[in-house]
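Scope of the values below: all heavy atoms of this structure, side chains included, with no hydrogens, waters or symmetry mates. Because the structure is a prediction, the values reported are computed rather than measured.
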Amino acid sequence: MSIQTGFVVDEVKKIFGQVNNDIEVDSEVQIIDLDYSYICHYDPILKAVVVECDRAINFSNDITLTDETTCCDNGFTGMDRDGHYLYSSPIILDQKTKYFLISTSQLNHDSFTLIILEMLAKYISKRLETHIKLQEIFLKNDHMKQITETVSAGSLSVDKFGTVMIINEVGAEMLGLTADEVIGKQIYDVFDNQAFSLKVLNTGKPIIDKEIKIKINKGQYYFQLSSVPLYDNLDEPIGIVFHFKDIRKEVEMIVNTKSFFHFDDIIYQCKEMENLIDLAKKAALQDSSILIEGESGTGKELIAQSIHNHSYRSKKPFVVIDCSAIPRNLVESELFGYDEGAFTGSHKGGRMGKFERANGGTVFLDEIGEMPLEIQSKLLRVIQSRSITRIGGNEPIPINIRIIAATNRNLAQEVSEGSFRNDLYYRLNVINLFVPALRDRKGDLHLLVNKLMEKIAKREKREVPYLSDRIMEVLKNYTWPGNIRELENIMERAVILANGEINYQHLPKRLLEWQNINTESTPSPSESSIDSSSSQKPKSVMEQHLIINALKESKGNKSKAAKKLGIARSTLYEKMYQYKLFS
């Protein structure tokens with residue numbers, strides 16, 4: 001049904017409903033277009049307008065309707081009662097006759113019916129012309145089109161009969177359709193979904209951010225849909241604007257869906273790291289799965305984020321899944337999501353899983369070695385089919401993701417022991433990257449320490465402290481079991497505690513103990529007060545160094561020296577007596 005026809009039908013319903021309450025109309029009213037195609041008729045018995053039923057009037061060959069109101073003396077057959085007279089009046093739009101209103105009467109020259117019909121036709125003509133102009137202003141004008149193209153959400157406008165008037169490029173792309181496939185069609189012919197309903201025109205209440213599921217290309221997609229009714233200046237409904245968002249794209253606003261690091265952020269100069277970065281950059285330009293291996297704290301996630309930001313997926317989500325942190329009984333729902341009513345306690349409307357959230361982007365499976373065996377098989381199917389099925393759901397949901405996995409375990413060994421699936425291992429290990437431990441890249445240590453001190457000092461709005469060779473030697477001799485993460489924490493502590501220069505007391509105890517165990521410390525000649533007898537142990541020598549330096553920095557103030565050392569003043573006095581440090 002066209003826009004004009006639908007409006008004419010509505011007007012007939014309104015007007016004859018009013019007329020019938022005031023006077024008894026014993027006639028049938030037909031609406032036809034210029035080629036006499038049947039549109040609808042008013043049934044005075046049922047007191048209703050019947051739309052698009054079988055044709056009710058058979059016109060004889062000698063009957064011609066004109067642009068003027070007409071009365072035909074000869075009766076017509078084909079109606080419920082024989083001998084009725086035909087009256088017609090044109091409905092005019094843009095100075096052209098578009099339709100005819102036709103009524104019947106048992107009276108010849110029924111002036112009352114003729115007047116009513118003529119008034120009704122003129123009224124509908126005026127209303128139709130006003131309505132069409134307003135509808136074009138609201139739904140079809142260039143200004144409206146420009147507005148819809150500037151919004152980031154999909155936008156679709158329909159008239160009050162459900163005919164699609166406008167769809168923006170974002171919406172067409174989301175739905176995998178072209179504008180030509182949508183505009184001019186009924187909304188129900190485009191979307192088999194009750195959410196695209198015209199009922200908001202009746203209620204007058206907009207619907208905001210309702211989650212809906214739409215089947216497209218044998219898959220199902222989830223959108224947030226809002227529908228807002230539109231009215232003209234006469235408060236008559238003229239259409240609806242639908243706004244819809246791809247929920248998976250909205251997740252870029254959620255924690256752990258953005259990547260911040262790039263390859264330029266990685267500090268290195270050793271050959272091992274140079275080779276690693278070169279390989280990672282090449283891998284970033286492909287779409288193959290990547291397995292990053294290395295000890296905890298070596299920067300595996302930093303490498304993963306850099307790969308994502310170096311790839312064509314850089315503007316899409318980067319979703320981190322810590323396989324060791326998700327409770328075992330929630331792993332499946334967290335990864336794949338669930339439909340409404342899938343289990344007791346599930347959210348109304350269901351919930352999207354992390355794989356759906358990452359659509360178009362990268363999934364980073366951290367600590368993949370911690371993933372339960374029963375979930376490993378489902379992950380394998382996801383990688384193979386590139387689709388997921390929510391818990392409680394039946395329809396596969398297509399996803400387009402790149403998988404990067406990381407582990408501090410020896411997965412090859414775990415495969416041989418049967419604690420990790422070999423088929424999943426080979427699916428993930430298409431490109432293997434091994435991040436060396438900090439102790440194996442000692443050539444980078446000095447560079448890393450200086451960069452970290454600059455970064456932390458700038459963040460804390462402090463001067464970059466001086467770091468002597470003797471302190472640097474302590475850092476070099478340490479094995480760094482926590483790797484870069486441990487180094488960053490230690491340098492942050494040192495920069496915050498230091499007052500212009502980093503000394504032993506600004507370092508954690510474990511570093512000093514390691515130094516005592518592995519380094520023979522000899523007292524400085526200027527520190528003659530230190531007891532250098534052969535019976536003295538290395539730990540005590542280091543302790544004396546710390547106390548002397550603290551006293552020097554505090555200019556002999558025992559309370560300040562004790563505070564610097566992190567001990568009670570009474571303990572400081574005991575140590576000074578023990579090492580004979582009183583002058």
**OP:** Check whether any side-chain heavy atom of Asp287 lies under 4.5 Å from a side-chain heavy atom of Arg313, and answer yes or no.
**Re:** yes

**OP:** Check whether any side-chain heavy atom of Ile266 lies under 4.5 Å from a side-chain heavy atom of Ile303, and answer yes or no.
**Re:** yes

Original post:
Are any side-chain N or O atoms of Gln376 and backbone N or O atoms of Arg421, one a donor and one an acceptor, separated by less than 3.5 Å?
Top reply: yes

Subject >> For Val430 against Ser288, the heavy-atom pair lying closest together >> reply: CG1-CB, 3.7 Å

Subject >> Pairwise side-chain contact, Arg427 with Gln384, heavy-atom cut-off 4.5 Å (strictly under) >> reply: yes

**OP:** Check whether any side-chain N or O of Asn309 sits under 3.5 Å from a backbone N or O of Phe261 as a donor-acceptor pair, and report yes or no.
**Re:** yes

**OP:** May I ask you to decide if Ile401's main-chain N or O and Arg386's side chain share a donor-acceptor pair within less than 3.5 Å?
**Re:** yes

Original post:
To the nearest 0.5 Å, how far apart are CD1 in Ile404 and OG1 in Thr362?
Top reply: 5.0 Å

Original post:
Cut-off 3.5 Å, side chains only: do Thr389 and Glu395 have a donor facing an acceptor?
Top reply: no

Subject >> Expected output: side-chain Ser385 to main-chain Arg381 donor-acceptor under 3.5 Å >> reply: yes

Original post:
Which heavy-atom pair separates Ala283 from Ile431 by the least distance, and what is that distance?
Top reply: CB-CD1, 3.7 Å

Subject >> N/O donor-acceptor pair under 3.5 Å between His308 side chain and Lys316 backbone >> reply: yes

**OP:** Kindly say whether Asn400 contributes a backbone atom to a donor-acceptor pair with the side chain of Asn359 at under 3.5 angstrom?
**Re:** yes

Original post:
Quick one: does Ser289's side chain have a donor or acceptor within less than 3.5 Å of a partner on Leu428's backbone?
Top reply: no

Original post:
What is the distance from atom OG of Ser387 to atom CZ of Phe336, rounded to the nearest 0.5 Å?
Top reply: 10.5 Å

**OP:** Determine the interplanar angle of the Phe364 and Phe318 rings, folded into 0 to 90°, and report it as parallel if under 30°, tilted if 30 to 60°, perpendicular if over 60°.
**Re:** parallel

Subject >> Short side-chain to backbone donor-acceptor contact, Arg402 and Val363, under 3.5 Å >> reply: no

**OP:** Work out which heavy atom in Leu433 is nearest to a heavy atom in Ala280; give both atom names and the distance.
**Re:** CD1-CB, 4.0 Å

Subject >> side chain to side chain contact (heavy atoms under 4.5 Å, CB included) between Phe242 and Val228, intermediate numbers included >> reply: CA-CA 7 Å; Phe242 294 97; Val228 181; over 6 Å; no

Subject >> Expected output: side-chain Asp265 to main-chain His262 donor-acceptor under 3.5 Å >> reply: yes

Original post:
For His243 and Val241, which heavy atoms make the closest approach, and how far apart are they?
Top reply: NE2-CG1, 3.5 Å

Subject >> Exercise: identify the closest heavy-atom pair between Arg390 and Asp339 >> reply: CD-OD1, 3.3 Å

Original post:
Does the side chain of Leu335 reach to within under 4.5 Å of the side chain of Val382, using non-hydrogen atoms?
Top reply: no

Subject >> Pairwise distance CD1(Ile183) to CD1(Ile166) - rounded to 0.5 angstrom >> reply: 7.5 Å

Original post:
Rounded to the nearest 0.5 Å, how far apart are NZ of Lys185 and CD1 of Ile167?
Top reply: 11.5 Å

Original post:
Are any non-hydrogen side-chain atoms of Leu379 and Phe355 less than 4.5 angstrom apart?
Top reply: yes

Original post:
Out of curiosity, Ile92 CD1 to Lys126 NZ, how far, rounded to the nearest 0.5 Å?
Top reply: 10.5 Å

Subject >> Heavy-atom pair with the smallest gap, counting every atom of Ser227 and Ile240 >> reply: CB-CG2, 4.0 Å

Original post:
CD1/Ile290 to CD1/Ile403 distance, rounded to the nearest 0.5 angstrom?
Top reply: 11.5 Å

**OP:** Spell out, as yes or no, whether a donor-acceptor pair under 3.5 Å connects the side chain of Ser306 to the backbone of Leu302.
**Re:** yes

